[in-house]
Asker: 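I am attaching a structure below and will ask some questions about it afterwards.
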2 protein chains.
Amino acid sequence: MAQPLDLSNYLPYLINRVGFALVENFTAAADLKKSGLTIDMWRVLAALSNRGEQRQVDLSGMTSIDVSTMSRLVSRLVRLGCVTRSRSEKSSREVVVAITPKGRALMQRLIPIARELERTASAGLSAKELAVAKSLLARMYKNFAP
Amino acid sequence: MAQPLDLSNYLPYLINRVGFALVENFTAAADLKKSGLTIDMWRVLAALSNRGEQRQVDLSGMTSIDVSTMSRLVSRLVRLGCVTRSRSEKSSREVVVAITPKGRALMQRLIPIARELERTASAGLSAKELAVAKSLLARMYKNFAP
DNA sequence: CTACAACTATTGCAAACGCAACAATTGCCA
DNA sequence: TGGCAATTGTTGCGTTTGCAATAGTTGTAG
């Protein structure tokens with residue numbers, strides 16, 4: 001007879017809860033709807049802005065979005081003028097997605113809001129505690145990615 | 001000119017990443033498909049198993065699942081025989097969702113796997129570090145709740 | 001060099017989602 | 001008490017999702 005799970009002390013539950021709160025808060029604070037963006041589009045733009053142009057499969061890996069969804073999502077971002085999609089030079093089965101000036105301008109508006117979100121989430125935590133939290137999360141992730 | 005976001009050191013990104021890894025790992029390890037469950041159904045059953053019978057709106061709050069989705073999700077769980085849905089006695093606009101013996105039996109199989117998931121995620125972390133991680137996540141959540 | 005496996009992206013399709021509208025009930029305050 | 005706002009759940013509807021199948025390309029073993 002397994003003991004019941006105490007959810008309020010169960011790691012996956014705690015993470016899911018905070019994750020949703022972060023999404024909700026950011027979506028509202030950044031007023032993503034106004035820009036015609038979803039949270040997933042934001043993630044793709046953030047990845048492109050941070051790591052430069054990438055293949056769809058790489059974006060998929062970074063954001064945990066399915067490749068078929070990514071294909072359609074990039075199409076929408078192209079339609080919005082935030083990214084370009086072009087055939088790779090080194091391999092014509094790949095495409096390369098890159099952020100446009102318009103996409104970059106959007107990020108200039110959103111990044112400060114994203115930073116503010118992190119501050120809100122970590123209010124009452126010392127800088128050291130926030131760093132510890134990040135470090136622990138990074139170590140947890142590694143436990144799945146070997 | 002805002003500085004670019006360093007994703008690998010950005011809290012929401014780290015949480016999203018670990019969250020997805022947890023879902024993926026658990027779905028596979030528990031072979032949810034075999035039981036006809038989705039991860040959201042698991043969450044609902046876990047909430048019921050942990051906190052006892054609840055209204056749909058409460059389950060919705062606990063799991064971050066939209067109320068309309070919850071309505072249909074409970075219907076599916078009823079069809080599977082894992083929960084019952086009945087009108088509340090104190091308020092006839094509310095329904096009360098409760099887990100059934102069959103649902104409980106399912107949980108007996110899944111809970112050990114859930115515990116194992118937590119161990120996998122926290123491999124290489126001391127018990128104290130895991131406790132710290134949970135505590136920090138709980139504090140972060142509170143920053144959004146009030 | 002050839003054949004076959006792996007990789008990358010796209011599309012078809014059924015299922016699931018979320019918002020908005022609605023119905024039914026309850027709470028509240030004036 | 002009467003009426004109006006809030007709560008709870010369900011359904012309609014258009015959109016989105018993820019899996020599977022497909023096409024096209026590249027890598028590789030023999």
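Every chain is numbered from 1 and lettered A, B, ... according to where its sequence line falls, protein lines coming before strand lines. Side chains are part of it too, since the values below use all heavy atoms of this structure and drop only hydrogens, waters and symmetry mates.
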Asker: Along DNA chain D, 5' to 3', what are the outermost nucleotides having an atom less than 4.0 Å from a heavy atom of chain A?
Answerer: dT16(D) to dT26(D)

Asker: Counting only heavy atoms and a strict 4.0 angstrom limit, can you tell me which residues of residues 19-58 of chain A come near DNA chain C?
Answerer: R55(A), Q56(A), V57(A)

Asker: Could you give all pairs that pass the side chain to side chain donor-acceptor pair (under 3.5 Å) test and reach residues 99-114 of chain B, with sequence neighbours left out?
Answerer: S35(B)-R109(B)

Asker: Out of curiosity, L48(B) CG to C82(B) SG, how far, rounded to the nearest 0.5 Å?
Answerer: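 Separation between the atoms: 10.5 Å.
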
Asker: Listing request: all side chain to side chain donor-acceptor pair (under 3.5 Å) pairs with a residue in residues 64-77 of chain A, at least two apart in sequence or in separate chains.
Answerer: D66(A)-S68(A), S75(A)-R85(A)

Asker: With axes from five pairs an end, tell me the bend angle of the helix from dC1(C)-dG30(D) to dA30(C)-dT1(D), nearest 10°.
Answerer: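 Nearest ten degrees gives 30° for this helix.
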
Asker: Only counting residues at least two apart or in another chain, list the ones meeting side chain to side chain contact (heavy atoms under 4.5 Å, CB included) with S126(B).
Answerer: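 Side chain to side chain contact (heavy atoms under 4.5 Å, CB included) list for S126(B), sorted by chain: K128(B), E129(B).
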
Asker: Residues in side chain to side chain contact (heavy atoms under 4.5 Å, CB included) with A105(B), at least two apart?
Answerer: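 Residues passing side chain to side chain contact (heavy atoms under 4.5 Å, CB included) with A105(B): none at all.
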
Asker: Scan residues 59-98 of chain A against DNA chain D and write down, sorted by residue number, each residue with any heavy atom closer than 4.0 Å; if none is found, say none.
Answerer: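 Those residues whose heavy atoms fall under 4.0 Å from DNA chain D, taken from residues 59-98 of chain A in numerical order, are D66(A), S68(A), T69(A), R72(A), R76(A), S91(A), S92(A), R93(A).
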
Asker: Output every pair passing salt bridge (Lys or Arg N to Asp or Glu O under 4.0 Å) with a member in residues 12-34 of chain B, not counting sequence neighbours, ordered by first then second residue.
Answerer: none

Asker: Report yes if some heavy atom in the side chain of S49(B) is under 4.5 Å from a heavy atom in the side chain of I111(B); otherwise report no.
Answerer: yes

Asker: Charged N to carboxylate O below 4.0 Å: is that the case for R119(B) and E116(B)?
Answerer: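 Looking at E116(B) together with R119(B), the answer is yes, because their closest N to O distance falls below 4.0 Å.
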
Asker: Just to verify, what does T120(B) make a side chain to side chain donor-acceptor pair (under 3.5 Å) with, not counting sequence neighbours?
Answerer: none

Asker: Between CG of D6(B) and OH of Y13(B), what distance do you get to the nearest 0.5 Å?
Answerer: 10.0 Å

Asker: Is there any salt bridge (Lys or Arg N to Asp or Glu O under 4.0 Å) pair reaching into residues 39-63 of chain A, and which pairs are they, with sequence neighbours excluded?
Answerer: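 Every pair satisfying salt bridge (Lys or Arg N to Asp or Glu O under 4.0 Å) with a residue in residues 39-63 of chain A: D40(A)-R43(A), R55(A)-D58(A), R55(A)-E94(A).
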
Asker: Of all residues at least two apart in sequence or in a different chain, which pass the ring-ring contact (aromatic ring centres under 6.0 Å, His included) check with F26(B)?
Answerer: W42(B)

